[in-house]
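Naming convention: chains lettered A, B, ... in sequence-line order (proteins, then strands); numbering from 1 in each chain.
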Amino acid sequence: MSQNNNKPVVTRIAPSPTGDPHVGTAYMSLFDYIYAKQQGGKFILRIEDTDQKRYNPESEKRVIDALKWLGLSPDESPEIGGPNAPYRQTERLELYQKYAQQLLDSGHAYRAFETPEELEQIREDLQKRGLGQGYDGRAKALSKEESEQRAASGEAFVIRLATPGEGETIIKDALRGEVRIPNSEVPDAVLMKSDGIPTYHLAVVVDDHVMGVTHAVRGEEWLPTAPVHVLLYKAFGWEEPIWIHMPLLKNADGKKLSKRRDDASLDSYKKQGIVPEALLNYLATMGWSMPDGREFFSLKDMTKFFSFERISLGGSVFDMKRLRHYNAHYLRDVLDLETVAERAKPYLKSAGYDWGDEDYLLDVVDVLLPRIETLAELAEQSDYFFNDDFSYSEDAKRRLEAGQKHLEALERELSRLDFFDYDDVDDAMREYVKSESVKMGEVMMPLRAALTGTTQAPGVTDLAVILGKAKTLERIGRAISYLEAGLPDDKPQKPKKEEDAGANT
RNA sequence: GGCCCCUUCGACUAGCGGUUAGGUCACCACCCUUUCAAGGUGGCGGCACGAGUUCGAAUCUCGUAGGGGUCACCA
């Protein structure tokens with residue numbers, strides 16, 4: 001990367017506040033952030049709100065919050081301000097007006113007065129004749145006088161880029177070298193809309209220049225329109241940033257991840273119990289790899305070893321299964337138990353659970369951790385730890401039936417224990433199994449069913465110890481009275497999702 | 001369709017002229033085991049195709065095919 005190397009690195013993410021915070025935004029932000037940090041530069045968050053039709057007032061905050069959640073904190077943003085304020089494009093309109101006028105004066109742009117209907121007609125004609133662009137540039141022929149006069153008379157107009165029409169424009173992309181696009185393919189793009197608000201094309205170029213952005217990192221989807229931006233830099237006589245068009249995140253069909261079709265919302269991942277560290281790590285491996293091949297690494301390590309040279313251009317399929325694998329790893333092996341428990345709280349709370357003391361919560365999380373991949377699953381599978389009214393699954397009922405006499409015996413054996421630590425309980429149960437000469441499972445399964453209402457749960461001894469002596473005996477008693485009351489009709493309460501509560505749903 | 005980008009196991013990737021093409025997810029099997037998991041071991045599976053260049057191509061060049069992106073007063 002040869003140009004701009006004398007200036008401090010400035011990167012930016014410029015989301016448009018139009019809906020759910022998109023994972024693609026996080027993906028680009030990650031590389032913006034990492035590179036800026038590595039180079040001792042700045043990472044700017046700018047709000048690209050020039051589309052008033054799709055503007056969504058809540059969206060801005062959600063994007064900012066999502067970035068905050070991820071820990072990709074910008075050095076400048078509408079929220080924290082900075083030397084380049086304001087950071088919302090609708091608050092910078094005079095700036096664009098000024099530069100649009102400059103382009104008009106220098107002949108690099110022209111006014112066009114066609115109505116939307118006329119444009120539609122032009123587009124149709126062009127299409128019929130097999131010509132690519134949506135506009136034929138006819139307004140370029142207008143005389144300066146006519147243009148000024150019609151504008152002054154209040155007629156609506158847009159300002160369009162006057163493209164060369166011949167030759168080619170070269171985009172020096174840092175990842176793929178020189179990309180040459182024939183100027184005949186470059187449209188006279190609208191720079192300034194009739195409402196006086198700029199389009200992305202003008203706004204991004206002006207802001208990137210004014211804010212000193214040195215590296216324009218963005219999705220590959222922008223490559224086809226990059227000539228418009230290059231032409232604009234040339235028209236202004238400004239030095240271009242280093243263009244870095246990143247590969248796209250794709251869905252399972254290989255198509256660009258879209259918020260309409262796909263689950264691409266950061267809020268959604270959060271809600272599913274994905275932890276930000278895991279998301280970031282996963283995202284980092286999409287198109288980039290650590291030099292030593294490690295797949296788990298922190299932001300800090302990534303910052304140390306990152307280079308754009310190791311970006312692969314294929315475009316990666318966003319695989320929820322793999323994300324979950326990363327998440328599980330972070331939950332189990334990276335974050336400490338206290339942290340996981342702390343982060344699990346909102347999920348438990350919204351499931352309606354109440355944990356008495358912290359130690360109990362810690363025990364529950366600890367024993368469930370190998371069985372879950374997300375925090376949401378933790379909440380889903382922990383019902384019997386927080387709810388005494390759990391019901392018995394069909395399979396559990398069968399186990400209960402088959403083991404009634406063991407339950408009765410165990411109730412006696414366990415109630416005799418003075419201490420209820422792991423070894424005490426374990427010894428007692430093993431002794432019982434031995435004395436009865438039965439298989440472990442024959443005893444353990446009914447007990448498990450009694451304690452949890454399911455047949456798929458942590459080790460019975462763990463369960464008993466965590467629940468404590470009183471609760472353990474209570475639940476055994478409850479199971480016995482349930483059996484005595486007659487199995488077929490005694491349907492327990494709490495009908496919802498009990499059939500496989502505790503199973504891996 | 002035009003233009004542009006891309007192409008290693010099903011998925012994420014390592015590889016940057018000489019490797020039995022390596023790792024991870026998923027999947028399968030086995031081990032461990034009181035269930036389910038976790039963990040351990042092993043297995044399945046790939047250089048899109050065709051020409052060149054070269055003593056030698058996954059690696060370089062060209063072509064073909066396939067995939068994707070984009071063609072708005074949206075970003």
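In this structure, C74(B) makes no Watson-Crick or G-U wobble pair, since no nucleotide meets both defining distances under 3.5 angstrom. Pairing for C3(B) is with G69(B), a Watson-Crick or G-U wobble pair whose two hydrogen-bonding atom distances lie under 3.5 Å. The nucleotide C44(B) finds no pairing partner, because no Watson-Crick or G-U wobble arrangement with both distances shorter than 3.5 Å includes it. Remark: U19(B) base-pairs with no nucleotide in the shown strands. Criterion, Watson-Crick or G-U wobble with two distances under 3.5 Å. Nucleotide U33(B) is matched to nothing when pairs are restricted to Watson-Crick or G-U wobble geometry with both distances under 3.5 angstrom.
Among the atoms of the strands shown, only primed sugar atoms or phosphate atoms (P, OP1, OP2) are found under 4.0 Å from some heavy atom of Leu248(A). Using a 4.0 Å heavy-atom cutoff across all strands shown, Val158(A) reaches at least one base atom of the nucleic acid. Val179(A) comes within 4.0 angstrom of the backbone, heavy atoms only, and of no base. Using a 4.0 Å heavy-atom cutoff across all strands shown, Trp288(A) reaches no nucleic acid atom at all. Looking at heavy-atom distances under 4.0 Å, Arg218(A) makes no contact with the nucleic acid at all. Nucleic acid contact class of Thr50(A) (heavy atoms, under 4.0 Å, all strands): sugar-phosphate only. Contact annotation for Thr455(A): base contact, defined as any heavy-atom pair under 4.0 Å involving a base atom. At the heavy-atom level, Arg399(A) lies nowhere under 4.0 Å from the strands shown.
Two residues are said to be in side-chain contact when any heavy atoms from C-beta on lie closer than 4.5 Å; Lys250(A) and Phe318(A) fail this criterion.
When the C1' atom of G69(B) is taken as reference, atom CD1 of Ile181(A) falls 11 Å away, rounded to whole Å. Here C73(B) presents its P atom at 14 Å from CZ of Arg54(A), a figure rounded to the nearest Å. The CE-C1' distance, from Met444(A) to U35(B), rounds to 11 Å in whole Å. Taking atom CG of residue Asp253(A) and atom C1' of nucleotide G69(B), one finds them 16 Å apart after rounding to whole Å.
Here the rule is side chain to side chain contact (heavy atoms under 4.5 Å, CB included) with Met192(A), and of Val158(A), Thr199(A), Leu202(A), Ile197(A) only Leu202(A) fits it.
The side chain of Glu185(A) approaches C3(B) more closely than any other nucleotide in the set C3(B), U34(B), C5(B). Between C25(B), C3(B), C74(B), one nucleotide has an atom nearer to the side chain of Arg322(A) than all others, and that is C25(B). Out of A14(B), A75(B), C5(B), the shortest distance to the side chain of Tyr200(A) is found at A75(B). Checking U35(B), U70(B), G68(B) against the side-chain heavy atoms of Gln456(A) singles out U35(B) as nearest.
Residue pairs meeting the salt bridge (charged side-chain N to carboxylate O under 4.0 Å, His left out) criterion with at least one partner in residues 432-454 of chain A, sequence neighbours excluded, are absent.
Put simply, the side chain of Thr225(A) gets close to the backbone of Trp222(A): a donor and an acceptor are under 3.5 Å apart.
Phosphate contact (OP1/OP2 of C73(B), side-chain N/O of Arg123(A), threshold under 4.0 Å): present. Taking only side-chain nitrogens and oxygens, Lys321(A) never comes nearer than 4.0 Å to OP1 or OP2 of C27(B).
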| task | Could you go through the side chain to side chain contact (heavy atoms under 4.5 Å, CB included) check for Glu221(A) and His245(A) one step at a time? | result | CA-CA 8 Å; Glu221(A) 66 215 43; His245(A) 291 94; over 6 Å; no
